[in-house]
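Below, chain A is the first sequence line, B the second, and so on; all start at residue 1. These figures come from a predicted structure and were not determined experimentally.
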Number of protein chains: 2
Amino acid sequence: MTGKPGKVTQREIARIAGVSQTTVSMVLNDRDGSNIRIPDATRERVRRAIEQSTYVADPAARRLAGLDNKILGVFTYESALTPESMDFYGPLLNGIERAAEGLGCDLLFFTSSPVEEGRRRLFHRNTRLRLADGCVLLGQQMDGDDLERLVTEQFPFVAVGRRDETDAHVPYVGIDYGALTDVLVARAAELGHERAVYVHRDRDSPTARDRLAAVARAEGGPLHVTPAAVGDDLSGLPGLIAGAAATVVFAEDAFLLEDVALVLGEAGLDLPGAVSLAALAEVRGHRLNERPLSGFHLPRQQIAAEALALLQQLISTPPEEHGTVATQRLLQGEVAFGDTLVARGGAR
Amino acid sequence: MTGKPGKVTQREIARIAGVSQTTVSMVLNDRDGSNIRIPDATRERVRRAIEQSTYVADPAARRLAGLDNKILGVFTYESALTPESMDFYGPLLNGIERAAEGLGCDLLFFTSSPVEEGRRRLFHRNTRLRLADGCVLLGQQMDGDDLERLVTEQFPFVAVGRRDETDAHVPYVGIDYGALTDVLVARAAELGHERAVYVHRDRDSPTARDRLAAVARAEGGPLHVTPAAVGDDLSGLPGLIAGAAATVVFAEDAFLLEDVALVLGEAGLDLPGAVSLAALAEVRGHRLNERPLSGFHLPRQQIAAEALALLQQLISTPPEEHGTVATQRLLQGEVAFGDTLVARGGAR
DNA sequence: CCGGAGTGATAATTCGCATTATCAACGGTT
DNA sequence: AACCGTTGATAATGCGAATTATCACTCCGG
């Protein structure tokens, strides 16, 4: 009658071994010291009793008694495991899983969060966030208010992707798009190009601003880049490019670049002979007429691993020492030169 | 670390609302009855105090007190989120995520389980299984002892994939490979075939036995199927097929079928003209010379959804009534006729 | 032979929450 | 005025493991 059938507790073990529950706990945790002394004979007796039963420590009780629960939360603003989102989330989740394995942590996915307008709500009536020791946040765009609230509530978390739009000091791990853009721009200049157009959706995110800043930086150099914010209608693009006498088009991401290529192709332009193309973003899995796109390769797995490492650090560091930790980290990524950024004039 | 800075407990809420911890608990759980009476005014006061704080019930404490957590465990014997395993796990995980959303549950991935010989261990010194209300088990092949132990410990769980190899009554949701095989065999007969070979690894799993049984059933019909267990070396296959005068080869899975096709192709056989090919397994994503393989399409998402529904049912049903629940469920899948099973003689 | 040091182990308490048993105050009846 | 049911709330307890405070006993030196 000691609880549910099939449930073996320390008390039960203690009864069998003829000792107290305290002793069992001590043996299990290998405690020893001036105040705690258990002779090997007794230790053995307890160990045997444990091995002959199916005893497993109840994690809930351990947790309640004040041990770390070793659960890391994973919050995604959209469903993360759909075939469509796998493209973006897949490598990240893979990195997270591996990092969690390394840290000996379990992962809690907050699939219970209510969905509003296609996005999950982080904070709501019964937020379960605090089930975890800390949380990783994933998503193309996250809610600034959420981030601020997390900061003020001193809940350990790390955002994946650069997040410094708010005043609050948001811990994140992201990619240094600025540096990558610089390299790609330099490469284009090297290939003889002098004028380019940067096609972008006019979104206001830190990474978008990073790219724009890098584009603006190019001003003083050999390659002049004209930014061009566009909507869904790209029909004005050929004219714009002709007007700017551009021989290169940079696009904010690979999808946009594909749209651009479509429009330019229809306008009769030779691609990439007359106009080179490159995306200022991940290009894996994208091609233009069989040619691998020029753009970036981002170490998504590494980002995830770094994010979890940072999270773990925040969790194990008392809040008053958080100043000691570098909480905003940029990783360096890699430029994928690809085959759509070619020498001016069309030669490879 | 228990003394987390921002930890809000019921006691704290009680202090703010000027009531007792008991009352807070009652309000939170909407308890009411002849013995428990709390006027709406008090209820409101408590609710406001809760909303103004960041209170979240401690799942460990809830569990210890004998309640549900709305946490469903997900255990995979291998890493589930690697690019390679995505092929198999992806659709399942997608289904699980969606089902969990529907049930309002969070998902706990047991990434902390120690890995031995490439496989995760379910039971170990600090099994955290019991943090979840119940658990879904995924994996091509799982440990029979694990399953038995879960049964005897009366921990709610559901295996994905048929598992009736053990004596214990293991709850599972699987695919009826027998019925699918019957259909495919009938189709081959319809196409004029009279002799076939079934190539399989000699593994002993329930689904493997299902297929073999179906193959044996074919004996009495118009299509005679000869089973052939093979290892890594398939070089004897062309001779075997010639000897049996077979015009169809069934293979245990799509990968094996591809290997078979390679060997037969090298032997100069016209595929599928001379010999038709079909896999008794999922063929999505596999092709033979641009032709979609003949075989099965399995409703993996649906399996996952069904598994979670069953799990939820087991959790909410007291153990003594488990007899009431249909705990072993087979889903029907779909035959993919494809283009590699063609009429005898080569005509489509 | 008394007191301190050392040994081996346990009772008591804590964690946060749910539940059971209990209680004080009030209002109406006889 | 004594009695009793109702209302509103709380003290006490349990869950399983970890930790702290204690205790009983032996051994040894002075």
Figure out the CZ/C1' separation between B:Arg45 and D:dA9, and round it to whole Å.
-> 11 Å
Separation of C:dG16 atom P from B:Asn29 atom CG, nearest Å, is 17 Å
Presence of B:Gln21 side-chain N/O under 4.0 Å of C:dT19 phosphate oxygens OP1/OP2 | no
Report the distance from atom CD1 of A:Ile36 to atom P of D:dC23, rounded to the nearest whole Å.
-> 16 Å
Check whether any side-chain N or O of A:Arg31 sits under 4.0 Å from OP1 or OP2 of D:dA18, and answer yes or no.
-> no
Looking only at side chains, do B:Tyr77 and B:Asp143 share a donor and an acceptor under 3.5 Å apart?
-> no
Which nucleotide in the list D:dG8, D:dA18, C:dA11 gets nearest to the side chain of A:Thr22?
-> C:dA11
Would you say D:dT10 has OP1 or OP2 under 4.0 Å from some side-chain N or O of B:Thr23?
-> yes
Atom CZ of A:Arg43: over 12 foreign heavy atoms under 6.0 Å = yes
Could you tell me whether the phosphate oxygens of C:dG8, OP1 or OP2, come under 4.0 Å of any side-chain nitrogen or oxygen in A:Thr42?
-> no
When the distance from CG of A:Asn35 to P of C:dA9 is rounded to whole Å, what number comes out?
-> 14 Å
Six-ring centre of A:Phe123, A:Arg149 cation under 6.0 angstrom, axis tolerance 45° | yes
Measure the NE2-CD distance between A:His169 and A:Gln328 for me, rounded to the nearest 0.5 Å.
-> 4.0 Å
Would you say B:Arg63 reaches C:dC17's phosphate, i.e. side-chain N/O to OP1/OP2 under 4.0 Å?
-> no
Identify, between B:Ser20 and B:Leu64, the residue whose nearest nucleotide on DNA chain D lies closer to the 5' end.
-> B:Ser20
If each of B:Asp58 and A:Arg37 is mapped to the nucleotide of DNA chain C with the nearest heavy atom, which maps nearer the 5' terminus, i.e. the 5' end?
-> A:Arg37
Would you please confirm or rule out a distance under 4.0 Å between OP1 or OP2 of C:dA18 and any side-chain N or O of B:Arg62?
-> yes
Pi-cation contact, A:Phe110 with A:Arg120 (under 6.0 Å, within 45°) | no
Assign B:Thr9 to base, sugar-phosphate, or nothing according to its heavy-atom contacts below 4.0 angstrom with the strands shown.
-> sugar-phosphate
Taking CG from B:Asp30 and P from C:dT19, how many angstroms apart are they, rounded to a whole number?
-> 12 Å
Just checking, is any N or O donor in the side chain of A:Tyr89 or A:Asn94 under 3.5 Å from an acceptor N or O on the other one?
-> no
Quick one: label A:Ala60 by what it contacts on the DNA or RNA (base, sugar-phosphate, nothing), any heavy atom closer than 4.0 Å.
-> nothing
So what does A:Leu28 hit on the nucleic acid, given a heavy-atom distance under 4.0 Å: a base, only sugar-phosphate, or nothing?
-> nothing
What does A:Val24 touch in the nucleic acid at a heavy-atom separation under 4.0 angstrom: a base, only the sugar-phosphate, or nothing?
-> nothing
Rounded to whole Å, CZ of B:Arg128 lies from P of D:dG16 at a distance of 18 Å
How close or far is atom C1' of C:dT14 from atom CZ of B:Arg11, stated in whole angstroms?
-> 10 Å
Atom-to-atom span, NZ of A:Lys7 to C1' of D:dA17 - whole angstrom = 11 Å
